[in-house]
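Per chain, numbering begins at 1; letters A, B, ... match sequence-line order.
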Amino acid sequence: MTTVTPPKSIEQLLERAEKLASKSLAQLAEEFRAQLPDHLLLEKGWVGQFIEHLLGATSGSLPQPDFPELGVELKTIPINPLGKPLESTFVSVVNLHQPASEQWETSIVKKKLEHVLWMPIIVHPNSPLNQRIIGMPLLWRPSADEWQILKNDWEETMEKVCLGKFGQLNARFGQALQVRPKAANSKVLTDVVGSDGEITQTLPRGFYLRSSFTQKVLTQLSYS
DNA sequence: AGTTGATCATAC
DNA sequence: GTATGATCAACT
């Protein structure tokens, strides 16, 4: 695949992103000599990683924004032709091990969401992967209202983790930031401190943005 | 149809 | 196992 150097500025990053808009995955795969899979069943993160390559992201699997020098996180998001998100958006894993040492201000979630480059991927119903079209990118910073909601959700989650209430750590909580399993499968377990201070095991979890939240972000409406 | 829980590839 | 990139698929 053609290699792309890291962008030197946010302007350059946005310029690159805008040049991808309205192109299909088939076009881009040809242009950058990439092997486009037939479907995402076995490579669910393929589109996201492809767009990372095209824009010159470097973070790999480090827990930091995709463009560390620019402080920008890249998120691809599948939308239908009307602009409605088809999925939630994964943000980062939940720290289940030393939750008491975590503060919102220094959290990975806050670092990543401070500045996000949204790359919508337009999905027509029942159409193959290679016909998906890149939409117009959106450089987003959360508003004060959005920050408040995200912070509250994060703090309520981490409080449950600190108290060892893993049974309450499910997808039903959180207005914008939701907690769901994040593992290879449901048999994967990780050591944690339970509600009585005992060592137990639980499923690894991740923070996800609900699609109701990202929908409003993408249409530039305030979330309140 | 929307939501919640489960799952897949890969690097280290 | 844990982190990245997410979407799949069962359930309500």
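- When distances run from any side-chain atom of A:P78 to the nucleotides C:dT4, C:dT7, B:dG5, the shortest one goes to C:dT7.
- The phosphate of B:dG2 (OP1 or OP2) has no side-chain N or O of A:S211 nearer than 4.0 angstrom.
- When rounded to the nearest whole Å, the span between CG of A:N185 and P of C:dG1 equals 9 Å.
- Within 4.0 Å (heavy atoms only), A:F173 reaches no atom of the nucleic acid at all.
- A:G48 comes within 4.0 angstrom of the backbone, heavy atoms only, and of no base.
- For A:H97, a side-chain nitrogen or oxygen approaches OP1 or OP2 of C:dT2 to under 4.0 Å.
- Between A:T76 and C:dA6, a side-chain N or O to OP1/OP2 separation shorter than 4.0 Å is present.
- Counting to the nearest Å, the C1' atom of B:dT7 and the CG atom of A:L203 are 11 Å from each other.
- Residue A:P63 is in sugar-phosphate contact alone, with no base atom involved, counting any heavy-atom pair closer than 4.0 Å across all strands shown.
- Residue A:R172 has a polar side-chain atom (N or O) positioned under 4.0 Å from OP1 or OP2 of B:dG5.
- Side chains of A:T3 and A:H53: a donor-acceptor N/O pair is absent below 3.5 angstrom, by distance only.
- The residue among A:K84 and A:L169 whose nearest nucleotide of DNA chain B lies closer to the 5′ end is A:K84.
- For A:E52, the side-chain atoms get nearest to C:dG5 when compared with the rest of B:dG5, C:dG5, C:dG1.
- Between A:W104 and A:W147, the distance separating the two ring centers is shorter than 6.0 angstrom.
- In this structure, A:Q64 reaches neither bases nor backbone, as no heavy-atom distance under 4.0 Å exists between it and the strands shown.
- Whole-Å rounding puts the A:Y208 OH to C:dT4 P distance at 11 Å.
- Two residues are said to be in side-chain contact when any heavy atoms from C-beta on lie closer than 4.5 Å; A:E102 and A:P99 fail this criterion.
- Nucleotide C:dT2 holds its P atom 10 Å from the CD atom of A:Q201, rounded to whole Å.
- Among C:dG5, B:dG5, B:dT7, the nucleotide with an atom closest to any side-chain atom of A:S186 is B:dT7.
- Here A:K187 lies out of heavy-atom contact (under 4.0 Å) with every strand.
- Rounded to whole Å, the distance from CZ on A:F207 to P on C:dA3 is 12 Å.
- Crowding of A:Q201 atom CD: a count of heavy atoms from other residues, nucleotides or ligands under 6.0 Å exceeding 12.
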Identify each atom pair where a protein N or O and an N or O of nucleotides 9-12 of chain B are less than 3.5 Å apart, giving names and distance.
residue, atom, partner, partner atom, Å
B:dA9, O5', A:L42, O, 3.3
B:dA9, O4', A:L42, O, 3.1

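- Separation of atoms CD1 (A:I10) and CD (A:E69) is listed at 11.5 Å; rounding is to 0.5 Å.
- A perpendicular orientation is assigned to the rings of A:F32 and A:F50, their planes being inclined by more than 60° (bins at 30° and 60°).
- Between A:Q148 and A:N152, the side chains place a donor N or O and an acceptor N or O closer than 3.5 Å (distance only, hydrogens not considered).
- The phosphate of C:dG5 (OP1 or OP2) has a side-chain N or O of A:K75 nearer than 4.0 angstrom.
- The interatomic distance linking A:N95 (CG) with C:dG1 (P) rounds to 17 Å, in whole Å.
- The pair A:K112-A:E114 fails the salt-bridge criterion, with no side-chain N (NZ, NE, NH1 or NH2) lying under 4.0 Å from an Asp/Glu carboxylate O.
- Using a 4.0 Å heavy-atom criterion, one finds that A:V47 contacts no nucleic acid atom at all.
- When heavy atoms are screened at a 4.0 angstrom cut-off, A:L62 is found touching the sugar-phosphate backbone but no base atom.
- Taking atom CG of residue A:L86 and atom C1' of nucleotide B:dA1, one finds them 12 Å apart after rounding to whole Å.
- Within the 4.0 Å cut-off from OP1 or OP2 of B:dT4, at least one side-chain nitrogen or oxygen of A:R210 is found.
- Checking A:S88 against A:R180 by side-chain atom types alone, a donor-acceptor pair falls below 3.5 Å.
- The separation between A:D38 atom CG and C:dT7 atom P is 17 Å, rounded to whole Å.
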